[in-house]
Amino acid sequence: MRFSKLFGKTLRQAPAEAESVSHQLLLRAGMIAQEAAGIYSYLPLGWRVLRNIENIIREEMDKAGGQELMLPVLQPFELWQQSGRYASFGKSLFTLTDRKEHTLALGPTHEEVITDLVHRYVQSYRELPLLLYQIQTKLRDEPRPRGGLLRVREFIMKDLYSFDADEAGLDESYQSMCQAYRNIYTRLDLPALIVEADSGAIGGKDSHEFMVLTEGGEDEVIYCSNCGYAANADKAQFVKTVEPVIRSQSPDSSEGEAKNLPPLEEIATPETKTIEEVASFVGVPTNQTLKAVFYFIDGEFIFVIIRGDLEVNETKLRNALKCSELRLATEGEVNEAGLIAGFASPIGIKGIKTVADDSITSGFNFIVGANKPRYHFRNANYPRDFQVDLIADIALAQPGDSCPRCRGKLSSARGIEVGHVFKLGTFISERFGASFLDSDGKSRPIIMGCYGIGLGRLLAAIVEQSHDDKGIIWPLSVAPYQVYLCPLHLDKSAVLPTAERIYQELQKEGLEVLFDDRDDSPGVKFNDADLLGIPLRLTLSPRTLQSQSVEAKWRTEKEAQLLPVENLAAEVKKLLDENVSFQS
RNA sequence: CGGGGUGUGGCGCAGUGGUUAGCGCGCAUGGUUUGGGACCAUGAGGUCGGAGGUUCAAAUCCUCUCACCCCGACCA
């Protein structure tokens, strides 16, 4: 490709709306252009990168036994009613009405369509396992698109769906997909960490995300550097350590037997608003108190109780209650419910649904609100003094907490989710009647898994973690071009004719070349070469031609080497081949 | 959806009531240049997000509205 003919223009300054590194660089390099919030065009350079990524993914999916197909973006809304997921997707599901006033959905994902399809074509265990995938545009009406390509409303995604006869088969499919994903990230030169994840609106049981840890990431990963445990903060567990102080107050052997515990005792606690104030007023650590938090969940007022030193994890709470809408109650709503913020506890409260974190069982003799202003109770114990409707792990893991596996210290980092795999189980296949006859002639629902990768986000993630102050640094495997051919002083001696000849020869050798045939100053050309991030730059000028050579420089290196013009194409190909083998 | 911010040539910005709205980059033409974003000259290009209002006069003040960005909520 001749640079002079290339559609798209490099920018010296990034458009003001771009904040994240990848967004800025991709705009400056002329690889993408924004049309609306979360809606982008890919310009020729960006599209070349995207297609390279796509091919790598396709190769790995095929290698793992996947069969590619194409599914419709426009989907009958009935499919979404049938799966019940129109509710969990909520407003994120784009819908439209056709001329016959029939509602259609714009596919945010394709489990419904594929399961409907498989239901019609698969009848026997002999046809399983089955791995089907598509790479295509998906649409989701995101509440907040952000970070350029990091979170968008229209995006190209590879989604593979596995169909198995039994749990062991699902495990196998799941493992083989995880391996395929690892291969993909390796080939993209992207260090991705596999973490335990919540399955969100997709539903299902087990789920893992692949995360690229980088400052600009929008997810939080909790991990243990001691044993390797890693989970999305939404999902992360931790040991709710019982401090010795609390332990010492428990009646040693006969843990929790009501008769041995001291009685509830009311104490005056004036001027204490927060848990910290209460704890320090009474003279105990915050983990010896219980705090109350109030939510409105699917329209119902919910009382949540959790140990004073912990925070509520709303995702866990949502899952525990199997609800969709959740928000903190306002102070007015709390008062309306007859509770006093700052002094509330479940003791003596009736008629309000109460959910407790399991940390309430991690100790004894807690300080809790007395449900009247300026008073708390001492020695509150569950279940002696109060009951709850549900006990679950609904606490947020935070850095410094103890690892659930090895009790090591947990850390946290920001990450970009570059892949998500789910063990769906049978809940969708059951809804669609997708079942098969096993070898005993018995009908059973097909067990499903799904495995998604967003291509644009992957592209952005590569930029986020592979760039410098000059621009993007593409790995050779996805770079828009492998070689940047950069002649200087086009009007001098044999520069231009030689460059033209080299350009032809490199292409004949099968190399992808961006030929900077513009009559611009060296600075402009070098800066654009760096901004575009093309792996190998070949510079020729009257100076290098004096010794019948061109200068070869890797984007990642400072120093260049001279290569003879003679037989240059073969030599360059060798260089690139060596570098590819380095990467994989 | 809550909070904050921004809308002025393709991009970055200046201009807070007073004649034909400026500057840098980019673009076009000509010339001189050229190893890390050269220079000179000439030129094209905006009616100031939109609507309404106040005023003799509005990019500038007021009201409404739209769009985009950031934080949060939510979400893959």
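Quick note on labels: first sequence line is chain A, next is B, and so on, each numbered from 1. As the structure is a computational prediction, the values presented were derived from the model and not from experiment.
- The base of G26(B) lies outside donor-acceptor range of the side chain of R518(A), with no N or O pair under 3.5 Å.
- For H420(A) and F422(A), the gap between ring centers is short of 6.0 Å.
- In this structure, F155(A) forms an aromatic stack with the base of A76(B), since both conditions hold: centre separation below 5.5 Å and plane angle below 30°.
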Listing time: all N or O pairs from protein to nucleotides 9-11 of chain B that are below 3.5 Å?
residue	atom	partner	partner atom	Å
C11(B)	O2'	Q13(A)	O	3.2

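- The base of G37(B) sits within donor-acceptor range of the side chain of R28(A), with an N or O pair under 3.5 Å.
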> For N313(A) and I394(A), what are the C-alpha separation, side-chain angles and deciding distance, and is it a side chain to side chain contact (heavy atoms under 4.5 Å, CB included)?
Replying inline: CA-CA 5 Å; N313(A) 177 329; I394(A) 53 166; 5.7 Å; no
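- In this structure, R457(A) is not positioned above the aromatic face of F155(A) in the sense of NZ or CZ being under 6.0 Å from the six-membered ring centre and within 45° of the axis.
- For P522(A), the side-chain atoms get nearest to U34(B) when compared with the rest of U34(B), C68(B), A76(B).
- Closest approach of I472(A) and M31(A) over heavy atoms only: CD1-CE, 4.3 Å.
- Contact annotation: S521(A) does not reach the phosphate of G37(B) (side-chain N/O to OP1 or OP2, under 4.0 Å).
- Sequence order on RNA chain B of the closest nucleotides to V152(A) and E551(A) puts E551(A) first from the 5' end.
- Donor-acceptor pairing under 3.5 Å, judged by distance alone, is absent between the side chain of D520(A) and the base of G37(B).
- Place R144(A) and E314(A) on RNA chain B by their nearest nucleotides, and R144(A) ends up nearer the 5' end.
- For the side-chain hydrogen bond (donor to acceptor under 3.5 Å, both in side chains) test with E60(A), the passing option among R187(A), K158(A), Q179(A) is R187(A); the others fail.
- With hydrogens and angles ignored, a donor-acceptor pair under 3.5 angstrom links the side chain of S541(A) to the base of G35(B).
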